[in-house]
Amino acid sequence: MSSNAEGGRQDPRRSLGDFIVELESAGTGPVDPELCRRLWVGSAGRARFAMSVLRAAAAAGVSADPESATFSEWVAELCPPLTLELGPGDATAAAVLAQLSTVSESTTLRVLTAVSDDLLGGTGFHDPEGVIDRLETNGVLIRVDDVARGTLLQIPTLIAAKLRHDLVAEAGAGPVVASLLDVLIEHMESAGTVDADLLGDVLLLARHGGHWALLQRVTEAVGIPMFLLAPRPACTAFRLLPPKVRAAWSGLEFFGTLAEDIVADTTAGTPAEIRTATVRQTGPGMLRSRLPGTLEAPDPAAVEHGDIRREEQPTIFVGTVRSMIGLADAGRHGEAAEMGMRAAATIRSARARSIVRLLTAIALHHTGASRRALSLLNEIEGPARAGHIDGDFLLPTISAWTALISAISGDHERADAHLVAAVEPSSAMRPGPGPGETSAEPLPQPAVIIDELVTPARHIASALRALDRLDLARAKRELDALSTYPELRTLWVYLPYIARSLAILSAEAESGLLFVNDDAERFRDSGVLSEAEKDLLALGRSMVFIALGQLRWAEIDRERLSPSCDARIVLDVRSKLVAGRSSEAISCADTWFYHRSLSPHSRAELAAIRAAAELRSGDEAAARSDFVMAVSLSAWVSSLLPLALLPLSDRKLLVELTADSPAWTEAAAEFSDTFATPEELTTRLRTIGPVSVDIASMPQLSAGEAQLIDFLARGLTVAEIAVELQQVTGTVKNRLSVLYRKFGVSSRAEVLSRARSFGYLA
């Protein structure tokens with residue numbers, strides 16, 4: 001084959017030695033050997049084409065740089081047309097491949113197969129492998145080795161630039177580029193992995209050609225990780241978009257603003273700086289400003305905006321995400337889940353679909369549908385793992401939320417496995433300080449984009465599992481990390497629960513328990529709470545009040561629990577035990593123990609409480625049997641809390657009573673990461689939670705007596721109380737005397753003071 005760069009017909013591709021001789025004999029004089037080699041590669045050995053390149057550079061007074069894309073594009077405009085003497089199909093193939101930098105052979109085959117029909121009037125390539133062979137033989141296509149990507153195919157730099165220039169001059173590159181982009185983006189939408197160099201080509205081609213619909217498809221196929229994979233091309237593609245384009249395409253508006261903020265957050269604009277800035281610009285709290293929630297459903301019917309006509313039915317990914325965020329902030333998680341399930345069926349990008357399904361799973365968790373949430377997370381985990389990009393949030397979020405939901409729902413094996421998987425990302429992605437910031441940070445900065453979806457859930461799951469293992473030091477560290485995290489949304493409700501559980505297990509004085517109920521309110525953040533989240537707050541408060549012996553306040557919080565929350569049953573039985581009503585505690589535990597609404601964890605708690613009540617009643621044989629069962633159930637549900645939440649005096653006696661049981665060996669094996677031997681485990685159970693009362697010293701009031709306390713607090717006189725109760729004043733006085741004796745006082749002021757201290761009054 002020959003080149004006709006200057007009208008000649010005899011310009012065979014030469015060896016490097018012949019190429020140098022040809023250049024020097026053409027009157028260019030001695031040429032630097034290294035430059036000759038680079039020209040030889042960039043021009044595919046076509047000496048006459050290389051001569052025109054040298055002359056153009058000399059005439060302009062610039063240095064020839066065949067490997068520079070900028071130089072190649074510039075010189076392509078100055079050199080005569082390039083004829084490679086290829087058939088029309090092969091010439092088209094070369095023009096198509098010239099749009100890309102380097103591609104794998106499989107991508108080349110996909111491009112040639114899919115693009116050719118559109119460009120050749122339906123006569124496409126029936127033998128794309130043959131096309132590749134002919135282009136390689138001609139020297140227009142060369143193979144290059146890449147350490148990370150293997151062997152790749154490439155059109156030599158100067159030849160590629162000239163082919164692109166000639167295509168624009170002869171017929172316009174728009175159809176070629178649009179068809180090429182469609183093929184590549186379709187592959188990105190369905191593939192599990194994205195090639196960084198190919199992504200850079202696609203971004204720049206779409207931006208320079210004004211293919212806005214295709215550019216938005218890239219945002220859904222790759223998302224924010226494009227700034228991690230192809231930092232500079234991503235910033236170039238989305239910075240300074242035309243205002244009408246940004247107004248017409250919600251995805252481009254989002255990524256345009258993000259790109260501009262990322263660039264403003266860098267100094268030299270190096271790839272490393274851009275990656276670091278991307279993490280910062282999507283850090284805790286940034287999602288609220290970049291994707292503010294809206295309760296308006298996305299409108300897929302609108303196809304025109306201003307003077308920008310959309311090229312196809314618009315995608316609804318960004319609108320769906322914004323609507324789901326808005327519904328979640330309004331506490332309408334069921335509606336958010338329904339919207340996510342509907343939208344996921346219409347979104348063609350695998351990544352965008354996975355993100356919507358992730359948000360759907362989180363919404364399902366808030367509605368109490370843990371099994372459905374875990375099933376959905378399991379479905380998207382495999383594809384996310386296959387296509388994971390260092391620094392991306394998708395896989396870490398799936399792992400963190402799977403661990404959290406599993407820990408809450410009792411699937412501790414899955415929770416532990418996903419906590420191991422949700423390890424800290426590599427230090428290579430850990431961002432440094434931004435311009436004007438100091439390097440001294442109290443805590444390491446997040447290492448993934450949109451970290452607020454990852455870190456809080458992971459810390460909460462880890463804290464809950466630490467409590468299950470009675471690893472109080474680990475639970476405290478996780479709580480401290482959560483307390484300083486700037487964006488928790490409604491996940492803040494776990495902080496007071498964890499803090500209260502820690503106080504019950506570790507407080508050395510009653511003041512520690514009294515303080516935690518007040519101090520826990522400082523964790524309050526934002527968002528409308530779901531029923532499950534309200535239950536968690538009420539559960540934590542009720543547990544503390546029981547530990548303090550303030551059973552009336554515990555009862556008030558217990559009544560706030562939703563009817564479906566089985567903690568109501570456990571709290572009721574636990575209150576009966578602390579109130580000294582052992583026979584009632586045993587009877588109630590017997591009634592509910594095998595009820596299908598009870599979770600295995602709650603069943604373990606009832607077994608432990610029943611054992612304590614039986615021990616108080618003098619039935620040691622029954623107490624031993626039930627406590628051995630409680631130990632076995634605790635090992636089965638992988639939580640020692642059912643045992644640790646018993647009053648210390650009961651717990652010590654029950655541990656001694658069952659010290660020879662094989663159940664302790666099984667339990668120690670289950671919790672071997674915390675306790676090396678059964679003796680270490682039982683020692684911990686003999687010392688933990690020393691403050692919780694075993695028998696409440698406070699008077700136990702009937703409903704009528706509690707009503708009398710309320711009347712007195714309202715300032716009613718005896719006569720006024722008699723009117724309210726429709727009783728004679730003598731009866732009211734007698735009832736007040738009984739009430740005073742219960743509190744050990746003799747006056748209205750004293751009884752109100754004691755009632756307030758015992759929790760009967762606010």
Side-chain angles (χ1 to χ4, degrees), residues 467-472 501 504-507 543 546-549 551 567 569-594 598-671 674-675 677-696:
L467 287 173
D468 284 329
R469 298 185 180 96
L470 303 185
D471 186 351
L472 304 189
S501 299
I504 292 171
L505 297 172
S506 62
M543 287 169 53
I546 291 175
L548 287 168
L551 301 186
I569 300 164
V570 176
L571 291 173
D572 181 43
V573 179
R574 195 178 298 281
S575 293
K576 287 178 169 57
L577 176 71
V578 175
R581 303 199 296 269
S582 298
S583 59
E584 292 182 42
I586 295 169
S587 175
C588 190
D590 288 341
T591 300
W592 287 100
F593 190 78
Y594 291 108
L598 214 63
S599 69
H601 189 281
S602 295
R603 192 168 288 116
E605 290 191 85
L606 285 189
I609 297 169
R610 185 169 63 183
E614 289 164 341
L615 186 63
R616 292 184 182 188
S617 300
D619 192 346
E620 288 193 359
R624 174 186 169 87
S625 176
D626 274 336
F627 197 65
V628 168
M629 180 192 299
V631 173
S632 297
L633 286 173
S634 293
W636 183 45
V637 300
S638 191
S639 175
L640 291 168
L641 289 177
L643 311 179
L645 291 176
L646 286 178
L648 181 59
S649 57
D650 298 309
R651 199 183 330 129
K652 283 182 176 179
L653 294 172
L654 289 168
V655 169
E656 293 297 334
L657 190 63
T658 59
D660 59 346
S661 172
W664 289 113
T665 302
E666 298 171 7
E670 172 63 29
F671 301 101
T674 308
F675 306 103
T677 64
E679 289 72 25
E680 285 188 13
L681 172 55
T682 54
T683 298
R684 177 67 62 85
L685 287 173
R686 289 190 185 100
T687 57
I688 206 167
V691 176
S692 298
V693 302
D694 50 359
I695 298 291

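The analysis underlying the following values was restricted to heavy atoms, covering all of them including side chains, and did not include hydrogens, waters or symmetry mates. The residues of the chain are indexed from 1 along the displayed sequence.
Of the possible polar contacts, none joining the Arg686 side chain to the Val655 backbone as a donor-acceptor pair under 3.5 Å is found. For Arg469 (side chain) and Ser639 (main-chain N/O), no donor-acceptor pair under 3.5 Å exists by modelled atom type. The closest donor-acceptor contact from the side chain of Ser625 to the backbone of Ala621 lies at 3.5 Å or more, if one exists at all.
Every residue two or more places apart in sequence or in another chain was checked for a side-chain contact (heavy atoms from CB on, under 4.5 Å) with Ala659, and none qualifies. In this structure, the side-chain contact (heavy atoms from CB on, under 4.5 Å) partners of Leu598, at least two apart in sequence or on a different chain, are Asp566, Ile569, Ser602, Arg603, Leu606. For Val691, the side-chain contact (heavy atoms from CB on, under 4.5 Å) partners two or more places apart in sequence, or in a different chain, are Ala507, Glu510, Leu513. The ring-ring contact (aromatic ring centres under 6.0 Å, His included) search around Trp592 returns His595, not counting sequence neighbours.
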Give the table of side-chain donor-acceptor pairs shorter than 3.5 Å for residues 626-633, with sequence neighbours excluded, one pair per line with atom names and distance.
| residue | atom | partner | partner atom | Å |
| --- | --- | --- | --- | --- |
| Asp626 | OD1 | Arg610 | NH2 | 3.1 |
| Asp626 | OD2 | Arg610 | NE | 2.9 |
| Ser632 | OG | Val628 | O | 3.2 |

For residues 662-671, tabulate all N or O donor-acceptor pairs below 3.5 Å that involve a side-chain atom, not counting sequence neighbours.
| residue | atom | partner | partner atom | Å |
| --- | --- | --- | --- | --- |
| Trp664 | NE1 | Thr658 | O | 3.0 |
| Trp664 | NE1 | Thr658 | OG1 | 3.2 |
| Glu670 | OE2 | Ser638 | OG | 2.9 |

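Among all heavy-atom pairs drawn from Ala579 and Leu551, the shortest one is CB-CD1, 3.5 Å. Ala608 and Pro642 make their closest contact through CB-O, 3.4 Å (heavy atoms, listed as atom of the first residue, atom of the second, distance). Here the closest non-hydrogen pair linking Val693 and Ile546 is CG2-O, 3.8 Å. When all heavy atoms of Leu648 and Gly689 are compared, the closest pair comes out as CB-O, 3.9 Å. Of all non-hydrogen atoms in Ile688 and Ala644, the two that sit nearest each other are CG2-CB, 4.2 Å.
The structure places CZ of Phe593 at 13.5 Å from CD1 of Ile586, a figure rounded to the nearest 0.5 Å. To the nearest 0.5 Å, atom OG of residue Ser506 and atom CG of residue Leu472 are 6.0 Å apart. Note: Glu680 CD to Thr677 OG1 = 4.0 Å, rounded to the nearest 0.5 Å. Remark: Ser587 OG to Arg581 CZ distance equals 12.0 Å, nearest 0.5 Å. Separation of atoms CG (Asp572) and CD (Glu584) is listed at 9.0 Å; rounding is to 0.5 Å. Between the CD1 atom in Ile695 and the CG atom in Leu577 there is a gap of 6.5 Å [rounded to 0.5 Å].
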Task: Evaluation steps, salt bridge (charged side-chain N to carboxylate O under 4.0 Å, His left out), between Asp619 and Arg624 - done: CA-CA 9 Å; Asp619 192 346; Arg624 174 186 169 87; over 6 Å; no
*Does the pair Ser649 and Asp694 meet the rule for a side-chain hydrogen bond (donor to acceptor under 3.5 Å, both in side chains), with working shown?*
CA-CA 7 Å; Ser649 57; Asp694 50 359; 3.0 Å; yes
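Counting heavy atoms from C-beta outward, Leu640 and Leu681 have side chains that approach closer than 4.5 Å. The shortest side-chain heavy-atom distance between Leu641 and His601 falls under the 4.5 Å cut-off. At least one side-chain heavy atom of Ile609 sits less than 4.5 Å from a side-chain heavy atom of Val570. At least one side-chain heavy atom of Asp650 sits under 4.5 Å from a side-chain heavy atom of Pro647.
Across Leu646, Val573, Leu645, a single residue satisfies side chain to side chain contact (heavy atoms under 4.5 Å, CB included) together with Glu605, and that is Leu645.
No more than 12 heavy atoms of other residues, nucleotides or ligands sit less than 6.0 Å from atom CD of Glu620.
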